[in-house]
Structures are given as structure tokens and as C-alpha cells.
S.K.: 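My structure is below; once you've seen it, I'll send some questions.
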Amino acid sequence: MTEVERLAEFAVRASYDDLSEAARDQLKIRVLDSLGCAIGAMGGEPVQLVRSHLAEFDRGGACTLIGGGEAAPDRAAFYNGALVRYLDYNDGYLAKGESCHPSDNLSAVLAASEYAGGSGRDLMVALAVAYQVQCRLSDEAPVRAAGFDHTTQGSYAVAAGVSRALGLGVPSAANALAISGTAFNALRVTRTGALSHWKGLAYPNTAAGCVRATFLARRGITGPLGVLEGNKGFMEAIAGPFSIDWANEDFERVTRTVIKRHNAELHAQTAIDAALELKRQHRFRAADVDRIDVEVFDVAYEIIGGGEEGDKSIVCTKEDADHSLPYLVAVAILDNEVMPAQFAPDRIQRSDVQQLLCRVAVRPSQALSQRFPDEMAARMTLVLHDGRTFDRQVTEYPGLNAPAMSWKQVHRKFERLTRDRLAPEQGGHIADAVRALDAIRVSELTRLLANVAGPDTRPDTAKQSPHAGDV
């Protein structure tokens, strides 16, 4: 057997009984968190542009769009995936040479499960497969240093999860993996320099393409089964040699993913914690700050601190802002939180945050780097104009080296993100459906998602102002 045939066998033979209780619980929490992110993103500019694109070219289909309407499975995966990803608030996974957002797979698996008339259990198993594949490839075959995006490993995750959701046999699933792994090797430039809308659309695009590829494989289209180990394949061209024994893999990687407490790039979470804790403890004003020195692990420095992926002191757009540690620290000190409101264009351009971010200096620490990814440590030294100096180091983060976020905590995050789109009872129905996912049909959940208020129809709860401290 080739490597993708072994991977296909792992994917299609997965069953609900293979999932531990912990994995089942965490999958439900990840689904609720992802849907909160999706519903909270419905007013986003690129999301609305994608929706208008679908309105012109897709007049209906077998799969539900969040907020109403139907589309073909690949287009539903693209649109719903754009919703999940746009805020950059969905979950993450940390490996030494790679990070990813495994919940990016939800839209594809949801579309395939709905198309197949599947149960909630089918959805959970397919999602567990996608999580495991993406996380294990991130562990063993990182591609960032070679200039490729983490969506590259995601192509295998999507094809594996969708193959399981559609009930494919090993030959068809292997061809789906082969086509997807060959066709969707994306460049890391998506996340370097001046960032664009494509940062949030790169994975939805991969999801859509791999859904389409899997349906083609279902019809009999074949792909290069040596895509991983073959001549000019993934190992030779991009990742180098690696080995994963798929016959002995479990489905526990979902329990090692982390949910974001702050609406910011994953590696920034502890630095934001440090800034907020200093502000609460010492009660200084942002105008009193002379400079802020931040030490972080090397991955955080390279991606969001001004390292190899570009200058992070020039912040003009939402995409720039959520990948700039200086901006994130500055806006946290000014606003006492980092939530979607902190990425509104007028907030980003305001002089207070633009001036303060220029007083934030980020540098890598070898000591902190050696502790990553077991710790996501950050050390902050804040100096006021009057000479007073405050220090704070944060090493623990929920789900990483501290207790994971509970259903109750994530439900509060869901409520806060969705209050502009959902009446309280609607949100309650969606949360209840997710909590009972292993006892319902996928169609029961998608029916609720179809009734979410779209961009132009908000319930009266939209008048309520979010407040700090919910999560």
C-alpha cells in the first residue's frame, strides 16, 4: 500500500466507538466555539463579498449556508468556512515547526455530512479524523520553514474527513487524498508582509477544492497515489521524509488543541494576558506608558513580532492588526480587551493605538523558545514616563498546560459573539443541538443555522453593547 492508501484506511474505518469520552466532549466544545466564531463574523467585508459571489453563481444545492440559503457542497464549505475563519478567533494547534486551526475543517465536514444525510455521530467522527490528520502532519511534516502554508497539510485533513463523512471506501478515499494533496500546496506569503483578505480565505478555498476533489474521486476520478512518498511528491518536494503509522493512530489530538481566550493570533494569547494583568494590577493609564518590552518564544516573534514574516509596526487593516503583537498589546492596554470590536477600521486607525504600538518592542528569548510548544510563555516589562517599571510573565494557557476551557466558558464566548445575530432562545437551541450532537441528525443542526439573522436583519439584541470580562 502507498502512504495515502494507509491514510485512507485510517480515515474510512474510523467509528464513533473509537472516540474517547474526552474526545467526544472536546469535539462538541470545538463545534460550539467554531459556530460562535462563524455567526459573529457575518458582517465581515470579505465574508459578504463571498456571499455575493455565491448569490450570482450558485442558485441552490444540497447544503445549508449559515444565515440561510443553499449551495453545492464545495461552495457551502467555502462560505461557511470563511465565516468560521474570518475573525481569527477559532481554535488552534501548536507543534514545534507548525501551527494550524483544525476547526477550519468543520465547514467541509459539515457540508459532506449534511449531503450524505448523516447523523451527528457521523459528523463527530469525520471531524475527529480531520483533526487527527492535520495535527499529526503538523507534528511530523511541518512546511512553514519551506515557504508553504499550513493549508498544505489541511488538504489531506479535509479529504480524509470528507471521505469519512461520505462513507467512501479505501480506493476512492485514497484517490481523494491523492488529488487534494497534489493540487493544494499553498504559499506562506499568504501570512507574511502586508496581509490581505486571503489570510482568512486560504483555508476555506482549500476546503472547497478538496470537497470537490473528494466528490470527483467518489465518481471514479483517480489521483497519483504516490503523492506523499513518490517521485517529486510531498516528501521529496516540500516536507522531507517522515513516517506516521496510521494503523496505530488514535483520535485524541482534538484534546490537545486550544481555544482562544482573546480574539487574536494564537501565539499572542499569553502576551495579551500579561498586558491585561499588569493593567488590572497597577491601574496605570495608557498615556502614562513610555515603552513596553515583550519577550516571546521564537515562533511568536517570527510570525507576529516583526521577525521573518515582516514588520508588524505598520498596521492598516484587520488582517494586519490580528497578526501584529505590538498592535494587540497596545489595544489590550487601551481597551482592556481584544475582541472583534478592536478590529473595526476606525479603531485600528485611531491615533492612540497607532502611537502606543510604536512603543512596543518585541524580541525572541532562547529560554522561552526552548519551552515551546509545551508552554506559550511571554514576559513583559512595562515602563512608565515617571520611571516606574512593572514586570509580568505568563506561561500557562487553558488547554495547553492549564485546564482546558469548559463547556460553560465556551458557551459564554458563543453568547457574546452571537448576541447581535441571535435572540437568546435561538442561541440556546443551537447550543443544545451541539451538546446533543451524538443524538441528533446533522440536518437538525443545519436547520437551526439557516435561521441565523443575516447581515441586514438583526434582532433587537443587536442594540446591546458587549462588555469586557465575559470570557
Side-chain angles (χ1 to χ4, degrees), residues 11 14 18-38 81 84-85 87-110 123-142 144 149-154 156-158 160-161 203 206-207 244 249-270 273 297 299-300 303 372-376 396-411 413-414 417 434 437 471:
D18 293 329
L19 307 181
S20 68
E21 276 304 319
R24 294 172 187 176
D25 290 343
Q26 292 303 315
L27 283 164
K28 292 178 183 179
I29 288 173
R30 299 306 180 279
V31 171
L32 183 68
D33 184 65
S34 302
L35 293 178
C37 293
V84 170
R85 190 72 185 87
L87 293 181
D88 203 353
Y89 205 0
N90 56 325
D91 70 5
Y93 179 76
L94 298 171
K96 190 66 177 177
E98 198 77 73
S99 59
C100 61
H101 303 271
S103 55
D104 283 340
N105 295 291
L106 175 61
S107 66
V109 170
L110 180 65
L123 172 62
M124 291 172 65
V125 174
L127 190 59
V129 166
Y131 265 71
Q132 193 73 18
V133 171
Q134 187 167 13
C135 293
R136 291 296 287 123
L137 286 173
S138 296
D139 291 333
E140 304 297 336
R144 185 176 63 225
D149 199 32
H150 65 259
T151 59
T152 297
Q153 296 102 329
Y156 297 94
V158 174
Y203 206 105
T206 294
I244 298 175
E249 278 292 316
D250 57 27
F251 298 91
E252 296 301 302
R253 272 303 188 273
V254 64
T255 67
R256 294 174 57 178
T257 59
V258 294
I259 290 174
K260 293 182 179 181
R261 182 155 49 195
H262 311 293
N263 188 181
E265 203 271 349
L266 181 61
H267 302 97
Q269 301 291 310
T270 47
D273 281 345
F297 48 97
V299 175
I303 296 175
F372 177 82
D374 296 321
E375 291 183 3
M376 192 163 58
E396 291 194 338
Y397 188 76
L400 186 62
N401 52 0
M405 284 191 189
S406 66
W407 173 272
K408 184 177 180 180
Q409 289 172 304
V410 175
H411 189 226
K413 176 181 172 181
F414 173 86
L417 286 171
V434 175
L437 195 54
V471 179

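By convention here, the first residue in the shown sequence is residue 1. What you see is a predicted model, and the numbers here were worked out from it, not measured in a lab.
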S.K.: Looking at every heavy atom in both His101 and His150, which two are closest together, and how far apart are they?
M.R.: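 Scanning both residues, the minimum pair turns out to be CD2-NE2, 4.2 Å.
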S.K.: How many angstroms lie between CZ in Arg253 and CD in Gln26, if you round to the nearest 0.5 Å?
M.R.: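 These two atoms lie 14.5 Å from each other.
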S.K.: Checking the side chain of Gln132 only, and the main-chain atoms of Glu252 only, is there a donor and an acceptor separated by less than 3.5 Å?
M.R.: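 At least one qualifying donor-acceptor pair exists.
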S.K.: Under 3.5 Å, is there a donor-acceptor pair linking the side chains of Asp139 and Tyr93?
M.R.: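 Note: Asp139 and Tyr93 side chains meet the donor-acceptor criterion.
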S.K.: In the structure I gave you, are the side-chain heavy atoms of Leu32 and Trp407 within less than 4.5 Å of one another anywhere?
M.R.: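 Sidechains of Trp407 and Leu32: in contact.
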S.K.: Between Arg136 and Glu140, does any side-chain N to carboxylate O distance fall below 4.0 Å?
M.R.: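 So Arg136 pairs with Glu140 through a salt bridge.
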S.K.: If you compare all heavy atoms of Cys100 against all heavy atoms of Ser138, which two are closest, and at what distance to 0.1 Å?
M.R.: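 What the structure gives for the nearest pair is SG-OG, 3.6 Å.
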S.K.: Is the backbone of Arg261 close enough, under 3.5 Å, to the side chain of Tyr89 for a donor and an acceptor to pair up by distance?
M.R.: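 Yes, because the side chain of Tyr89 sits within donor-acceptor range (under 3.5 Å) of the backbone of Arg261.
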S.K.: Enter the distance from Asp250:CG to Leu19:CG here, rounded to the nearest 0.5 Å.
M.R.: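 If we round to the nearest 0.5 Å, Asp250:CG and Leu19:CG are 10.0 Å apart.
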S.K.: Give the minimum heavy-atom separation between Ala160 and Ala11, together with the two atoms involved.
M.R.: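 Closest heavy-atom pair between Ala160 and Ala11: O-CB, 3.8 Å.
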S.K.: Keeping Asp33 on the side-chain end and Val410 on the backbone end, is there a donor-acceptor pair under 3.5 Å?
M.R.: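 No.
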S.K.: Are any of the side-chain heavy atoms of Arg24 and Leu437 separated by less than 4.5 Å?
M.R.: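 No, side chains not in contact.
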S.K.: Do Phe251 and Ser20 have side chains that get closer than 4.5 Å, going by heavy atoms?
M.R.: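 No - every pair of side-chain heavy atoms lies 4.5 Å or more apart.
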S.K.: Can a donor-acceptor pair be found, under 3.5 Å and without considering hydrogens, that links the side chain of Glu249 to the backbone of Ile244?
M.R.: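 Not confirmed, Glu249 side chain does not pair with Ile244 backbone.
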S.K.: For Tyr203, which of Asn90, Asp104, Asn105 qualifies under side-chain hydrogen bond (donor to acceptor under 3.5 Å, both in side chains)?
M.R.: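 Result for side-chain hydrogen bond (donor to acceptor under 3.5 Å, both in side chains) with Tyr203: Asn105.
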S.K.: Tell me whether the rings of Phe372 and His267 are parallel (<30°), tilted (30 to 60°) or perpendicular (>60°).
M.R.: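 Rings of Phe372 and His267: tilted, as their planes differ by 30° to 60°.
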S.K.: Taking only residues two or more places apart in sequence, or in another chain, which ones meet Asp88 in a salt bridge (charged side-chain N to carboxylate O under 4.0 Å, His left out)?
M.R.: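 Counting only residues at least two positions away or on another chain, Asp88 forms a salt bridge (charged side-chain N to carboxylate O under 4.0 Å, His left out) with Arg85, Lys199, Lys260.
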S.K.: List the residues meeting salt bridge (charged side-chain N to carboxylate O under 4.0 Å, His left out) with Asp91, not counting sequence neighbours, and say none if there are none.
M.R.: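 Scan of Asp91 (salt bridge (charged side-chain N to carboxylate O under 4.0 Å, His left out), adjacent residues dropped) gives Arg30.
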S.K.: What pair of heavy atoms forms the shortest contact from Val158 to Ala108, and how long is it?
M.R.: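 Scanning both residues completely, I find the closest heavy atoms to be CG1-CB, 3.8 Å.
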S.K.: Checking Glu375 now: which residues fulfil salt bridge (charged side-chain N to carboxylate O under 4.0 Å, His left out) with it, not counting sequence neighbours?
M.R.: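 Only Arg371 meet the salt bridge (charged side-chain N to carboxylate O under 4.0 Å, His left out) criterion with Glu375.
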S.K.: Look only at the side chain of Glu98 and the backbone of Ala95, and say whether a donor-acceptor pair between them is shorter than 3.5 Å.
M.R.: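 No: the side chain of Glu98 does not pair with the backbone of Ala95.
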